Amino acid sequence: MKGFRFSKFVPEKDEDKNTFEQLLDIFLQLVTMTGGDAAEALSWLTDLDKRYNMTKPGYGIGDFIEDLKSKGYLDEKQGNGGFKITGKAEQTIRKSALEEIFGKLKRGKGGQHKTNHTGPGEERGTDRRPFAFGDNLDQIALTDSLRNAQVNHGFSGDFLLTEDDLEVVESEASTQTSTVLMIDISHSMILYGEDRITPAKKVAMALAELVKTRYPKDTLDVIVFGNDAWQIEIKDLPYLQVGPYHTNTVAGLELAMDLLRRRKNPNKQIFMITDGKPTCLKVGIKYYKNSFGIDSKILKETLKLAAQCRKMKIPVTTFMIASDPYLKEFVKEFTTVNNGNAYYSNLQGLGHLIFEDYRRNRTKRF
């Protein structure tokens, strides 16, 4: 008699592979912190290895660099002998950010979000109702229908199942959402020895990877705002750096609204990550700036745009990574005018808040 005998499988340990993966995680974190500067990240990694002995005698940083190039994470710049990360490395950084911030998520049906409205859709709900002409056969709740047949017709004799016994699972309507993520890159994002831009970049990369993999029919646009505002590509997020800028929230909101006007999705929203008040306004070709307190001129223009967003049914969710009392007053007034949401978060809780708000907004129509 032929058969199979199974024994415990113990895979051979690949010390070089384990070391490479550990160093890769650290290297990608350092690349994010250095604004995509691979050479600086490798320099930091070498210093860390010298201090903490992360490599082994048979596998050093030089071997790691060669593996980065052979595995497609690193390219040598032509002419100057420097390095740059590849598209594969950029995607790996986004995936790492997604796992770090949101955890390992199970992939759902692409592009589908639950709403509070039941009807024809692709997501099965929990509600039951009697079968009606036109319902798909795959909607029939088999267990419930068989139970109804037994209750209605008894157990004796031949089994009888009629149309009146059938129940179907109500499906949930699906929707698509267009989101604009605004990231503050003013100088205050690195003031007082606190790096606020790196967590903001990680959240943006994680959200981008979430939308691309789990909700591919959604749209996500990323813009940055300092003295001005401009759109960036998702692949450019690791290279994002803070500049010597003030905070022109008005410019950011104007650009976000322009982008959302082009989207045909009925559900639109703006997420704004900032650590301060608006301090800059462009008047003609000149910049009007005031960093001392809440400037009434700048505040008026900011609130005007908040009201316009509300009129366009675009809620603005503000994630304030600072907790000064006068900042809370500004955010409170802005949120009231827009009828949006506001959160005051430390850097560690920022990703979780954005993820939960993104999912929560999927369950309602704006």
Side-chain angles (χ1 to χ4, degrees), residues 14-102 104 107 181 183 185 189-190 195-214 216 219-224 226 230-244 351:
D14 188 342
E15 295 295 339
D16 287 350
K17 180 180 179 181
N18 291 336
T19 303
F20 172 79
E21 291 177 348
Q22 293 171 5
L23 292 175
L24 179 62
D25 289 340
I26 299 172
F27 171 70
L28 294 179
Q29 294 277 357
L30 293 175
V31 166
T32 304
M33 296 175 67
T34 59
D37 190 330
E40 186 178 0
L42 288 171
S43 178
W44 287 11
L45 184 64
T46 303
D47 290 340
L48 289 173
D49 178 47
K50 183 178 179 181
R51 181 177 302 182
Y52 299 106
N53 298 317
M54 297 183 297
T55 59
K56 294 178 170 42
Y59 190 87
I61 297 297
D63 298 312
F64 174 66
I65 294 174
E66 290 303 315
D67 281 347
L68 284 175
K69 292 189 289 186
S70 65
K71 294 178 186 293
Y73 292 100
L74 200 64
D75 275 342
E76 289 193 60
K77 292 182 179 179
Q78 297 294 330
N80 59 6
F83 296 106
K84 64 178 181 179
I85 60 174
T86 64
K88 180 179 179 180
E90 293 167 358
Q91 184 180 22
T92 305
I93 291 173
R94 293 197 300 270
K95 288 183 177 179
S96 298
L98 178 64
E99 293 182 1
E100 176 185 342
I101 294 173
F102 297 153
K104 295 183 182 294
R107 182 174 178 137
L181 178 63
I183 303 176
I185 58 168
M189 292 288 279
I190 56 170
D195 178 10
R196 296 171 176 174
I197 190 62
T198 298
K201 285 195 295 184
K202 285 186 178 181
V203 167
M205 289 187 289
L207 185 60
E209 193 65 17
L210 176 73
V211 171
K212 289 168 67 70
T213 57
R214 190 166 183 177
T219 65
L220 175 67
D221 295 296
V222 181
I223 65 177
V224 295
W230 60 95
Q231 185 177 8
I232 64 171
E233 299 293 331
I234 290 174
K235 65 180 181 64
D236 296 329
L237 280 168
Y239 309 99
L240 187 61
Q241 297 186 47
V242 167

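In what follows, residues are counted from 1 in the order of the sequence shown. Nothing here was measured: the structure is a model prediction, and the numbers come from that model.
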Atom [atom1] of [X] and atom [atom2] of [Y]: how far apart are they, to the nearest 0.5 Å?
X: Asp37; Y: Phe83; atom1: CG; atom2: CZ; result: 11.5 Å
X: Ile93; Y: Thr32; atom1: CD1; atom2: OG1; result: 4.5 Å
X: Asp67; Y: Leu24; atom1: CG; atom2: CG; result: 10.0 Å
X: Met205; Y: Leu207; atom1: CE; atom2: CG; result: 11.5 Å
X: Asp221; Y: Glu233; atom1: CG; atom2: CD; result: 9.0 Å
X: Lys235; Y: Ile85; atom1: NZ; atom2: CD1; result: 10.5 Å

Is it true that a side-chain atom of [X] and a backbone atom of [Y] form a donor plus acceptor pair closer than 3.5 Å?
X: Ser96; Y: Thr92; value: yes
X: Lys88; Y: Lys71; value: yes
X: Thr55; Y: Ile61; value: no
X: Lys201; Y: Pro238; value: yes
X: Asp63; Y: Gly60; value: yes

Do the non-hydrogen side-chain atoms of [X] and [Y] ever get within less than 4.5 Å of each other?
X: Trp230; Y: Val224; result: yes
X: Leu45; Y: Met54; result: yes
X: Lys202; Y: Gln29; result: yes
X: Leu42; Y: Leu30; result: no

Over all atoms of both residues, closest heavy-atom pair of [X] and [Y]:
X: Ile234; Y: Arg94; result: CG2-CD, 3.7 Å
X: Gly226; Y: Ile185; result: N-CG1, 4.2 Å
X: Ala206; Y: Leu98; result: O-CD1, 3.4 Å
X: Leu220; Y: Ala208; result: CD2-CA, 3.5 Å

For the pair Tyr52 and Leu48, evaluate side chain to side chain contact (heavy atoms under 4.5 Å, CB included) and give the outcome as yes or no after the intermediate values.
CA-CA 6 Å; Tyr52 299 106; Leu48 289 173; 3.9 Å; yes
Could you tell me whether Phe20 and Phe64 have their ring centroids closer than 6.0 angstrom?
yes
Might you work through the side chain to side chain contact (heavy atoms under 4.5 Å, CB included) test for Ile190 and Gln241, ending with a clear yes or no?
CA-CA 10 Å; Ile190 56 170; Gln241 297 186 47; over 6 Å; no
Enclosure of Lys69 NZ (heavy-atom neighbours >12, cutoff 6.0 Å):
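Counting other residues, nucleotides and ligands, NZ of Lys69 exceeds 12 neighbours.
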Lys212 with Glu209: basic N within carboxylate O range, under 4.0 Å:
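Salt bridge: no.
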Leu74 and Phe27: side chain to side chain contact (heavy atoms under 4.5 Å, CB included), yes or no, with the steps?
CA-CA 11 Å; Leu74 200 64; Phe27 171 70; 4.2 Å; yes
Assess the residue pair Glu90 and Tyr239 against the criterion (side chain to side chain contact (heavy atoms under 4.5 Å, CB included)); give the C-alpha distance rounded to whole Å, side-chain angles, the decisive distance to 0.1 Å, and a yes or no.
CA-CA 10 Å; Glu90 293 167 358; Tyr239 309 99; 2.6 Å; yes
